[in-house]
Amino acid sequence: MGGERFCLPTFFSSPKSRFNSVPGFILCENAFTEEEEAALLHAVDSSPAKWTRRRTRITKNYGPYYLYQERNTPQGRFRYTDGNIIHTPLPDFLESLVMPIVKRGVPQLEEFKPNQLHVALYKKEEDSKIHMHNDNKMGELGPFIVGMCLLSDCYMTFVRPKDGRRRVLHLPRRCVYVMSGESHHEWRHGILKGQTASDRVSFTLRDVRKLAVEEGAKVTKSSHMPSKKNIRDQRAKDARVQRGEREQLNITLADR
Ligand SMILES: O=C(O)CCC(=O)C(=O)O
Ligand SMILES: [Fe+2]
């Protein structure tokens with residue numbers, strides 16, 4: 001760990017963040033070994049899902065393709081192609097590797113059955129970050145969101161819009177964390193620029209209970225159709241892909 005640009009954001013020292021905890025947030029340190037970490041990275045590398053660039057992060061997505069917008073639209077938080085939510089099958093390593101670690105570290109998660117796994121690579125040299133957001137803004141998730149930190153520590157910033165409270169939590173490499181209760185429903189969170197110690201990989205597990213449209217169903221109601229602008233943007237993107245302009249992301253995590 002180290003690097004001069006990895007330090008607490010300046011507002012951390014403000015009186016509002018003196019009590020550094022967020023209700024409902026559970027942190028399990030040393031939740032997995034270096035060998036397990038290597039196995040998880042190798043499993044992501046071996047999985048056929050494609051890497052996609054999203055703003056400054058690079059991600060692999062399994063389950064319904066999730067967007068981080070907080071606007072309440074009829075199509076919800078999901079990305080569509082031809083009227084269907086993009087859906088990548090869950091990988092085998094979710095059951096064989098990920099869930100045993102999560103349940104061992106946090107026994108309260110015994111009943112937790114995620115149907116979505118989001119793998120993100122935050123690159124230090126690209127100042128990767130994730131903007132402040134609330135994953136459950138539209139109430140589509142079950143009671144837990146679970147995260148895992150691989151390869152690097154980071155600081156996660158929390159803000160509670162109701163009263164402006166702010167907290168910054170240190171998430172160590174190889175931890176498992178859980179957002180439940182207030183941290184899940186009332187706080188927003190993000191990882192700001194410069195707040196990962198080095199290249200970091202995270203796993204986010206969600207239990208998506210409400211899709212705007214039935215999984216796999218054709219969108220027929222006009223109110224469920226993506227906006228004209230979304231359709232235009234998607235067509236332009238598809239055309240770029242066909243012309244081979246899309247960035248080819250050949251990434252290997254295991255050799256980092
Ligand atoms: O990288 C992380 O640990 C957090 C990611 C996150 O907040 C999310 O995917 O919703
Ligand atoms: Fe999140």
Side-chain angles (χ1 to χ4, degrees), residues 1 19-44 46-47 59-64 66 88-120 122 130 133-160 165 167-191 196-197 200-211 253:
M1 208 178 104
F19 306 103
N20 203 22
S21 72
V22 179
F25 185 89
I26 303 165
L27 178 67
C28 173
E29 297 189 54
N30 292 314
F32 49 103
T33 63
E34 279 186 38
E35 290 71 29
E36 286 171 323
E37 181 183 51
L40 291 167
L41 296 169
H42 180 73
V44 175
S46 313
S47 131
T59 68
K60 267 195 189 190
N61 305 281
Y62 307 89
Y66 183 83
T88 307
L90 292 170
D92 290 345
F93 69 83
L94 180 63
E95 274 309 310
S96 60
L97 289 175
V98 175
M99 291 315 290
I101 292 174
V102 163
K103 290 181 183 178
R104 183 179 73 202
V106 188
Q108 295 97 310
L109 295 174
E110 191 48 47
E111 303 297 318
F112 178 56
K113 281 211 182 324
N115 55 7
Q116 191 190 54
L117 166 64
H118 175 80
V119 180
Y122 296 74
I130 182 163
H133 64 278
N134 179 294
D135 294 63
N136 197 31
K137 189 77 195 267
M138 286 143 223
E140 66 276 70
L141 304 183
F144 303 113
I145 301 173
V146 174
M148 297 170 81
C149 293
L150 294 85
L151 292 177
S152 169
D153 293 24
C154 74
Y155 288 112
M156 185 176 271
T157 298
F158 286 82
V159 174
R160 188 170 185 253
R165 265 191 280 161
R167 302 285 183 266
V168 181
L169 305 187
H170 176 233
L171 304 183
R173 175 178 180 180
R174 296 200 307 277
C175 74
V176 167
Y177 65 84
V178 184
M179 288 185 226
S180 67
E182 222 187 80
S183 65
H184 184 37
H185 297 289
E186 295 186 21
W187 293 67
R188 303 173 82 225
H189 59 272
I191 297 172
T196 58
R200 171 173 180 268
V201 172
S202 69
F203 286 14
T204 305
L205 305 163
R206 301 194 190 90
D207 166 16
V208 181
R209 300 208 170 161
K210 202 170 77 188
L211 295 166
L253 299 179

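If you read the sequence from its start, that first residue is 1, and numbering goes on from there.
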With a 4.0 Å cut-off, would you call [X] and [Y] a salt bridge?
X	Y	value
Lys137	Asp135	no
Glu182	Arg160	yes
Arg174	Glu36	no

Taking all non-hydrogen atoms of both residues into account, name the closest pair between [X] and [Y] and its distance.
X	Y	result
Phe32	Cys149	CZ-O, 3.4 Å
Asp207	Pro143	OD2-CD, 4.4 Å
Pro64	Gln116	O-NE2, 2.7 Å
Arg200	Leu171	NH2-CD1, 4.5 Å
Met148	Val176	CG-CG2, 4.0 Å
Ala31	Cys175	CB-C, 4.1 Å

Parallel, tilted or perpendicular: which fits the ring planes of His189 and Phe158, with parallel below 30° and perpendicular above 60°?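 Rings of His189 and Phe158: tilted, as their planes differ by 30° to 60°.
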Would you call the rings of Tyr155 and His170 parallel, tilted or perpendicular if under 30° counts as parallel and over 60° as perpendicular? tilted
Backbone N/O of [Y] and side chain of [X]: donor-acceptor pair under 3.5 Å:
X	Y	result
Lys103	Glu110	yes
Ser180	Gly24	yes
Ser183	Met179	no
Asp92	Ser96	no
Asn134	Arg188	no
Lys60	His118	no
Asn136	His184	no

I'd like to check [X] versus [Y] (side-chain heavy atoms, cut-off strictly below 4.5 Å). Are they in contact?
X	Y	result
Leu27	Leu169	no
Thr88	Asn61	no
Tyr66	Arg206	yes
Tyr177	Val146	no
Thr196	Asp153	no
Leu205	Val102	yes
Arg167	Trp187	yes

Leu253 vs Leu40, test: side chain to side chain contact (heavy atoms under 4.5 Å, CB included). Steps then yes/no. CA-CA 9 Å; Leu253 299 179; Leu40 291 167; over 6 Å; no
Tell me, yes or no, whether the heavy-atom count around His185 atom NE2, taken from other residues, nucleotides or ligands under 6.0 Å, exceeds 12.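 Check passes, neighbour count above 12.
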For Val44 and Phe203, what are the C-alpha separation, side-chain angles and deciding distance, and is it a side chain to side chain contact (heavy atoms under 4.5 Å, CB included)? CA-CA 10 Å; Val44 175; Phe203 286 14; 3.6 Å; yes
Can Ser152 and Tyr122 be counted as having a side-chain donor-acceptor contact under 3.5 angstrom? no
Euclidean distance, [Y] [atom2] relative to [X] [atom1], rounded to 0.5 Å:
X	Y	atom1	atom2	result
Glu34	Arg173	CD	CZ	5.5 Å
Leu109	Ile101	CG	CD1	13.0 Å
Thr157	Ile191	OG1	CD1	8.5 Å
His42	Phe93	NE2	CZ	11.0 Å

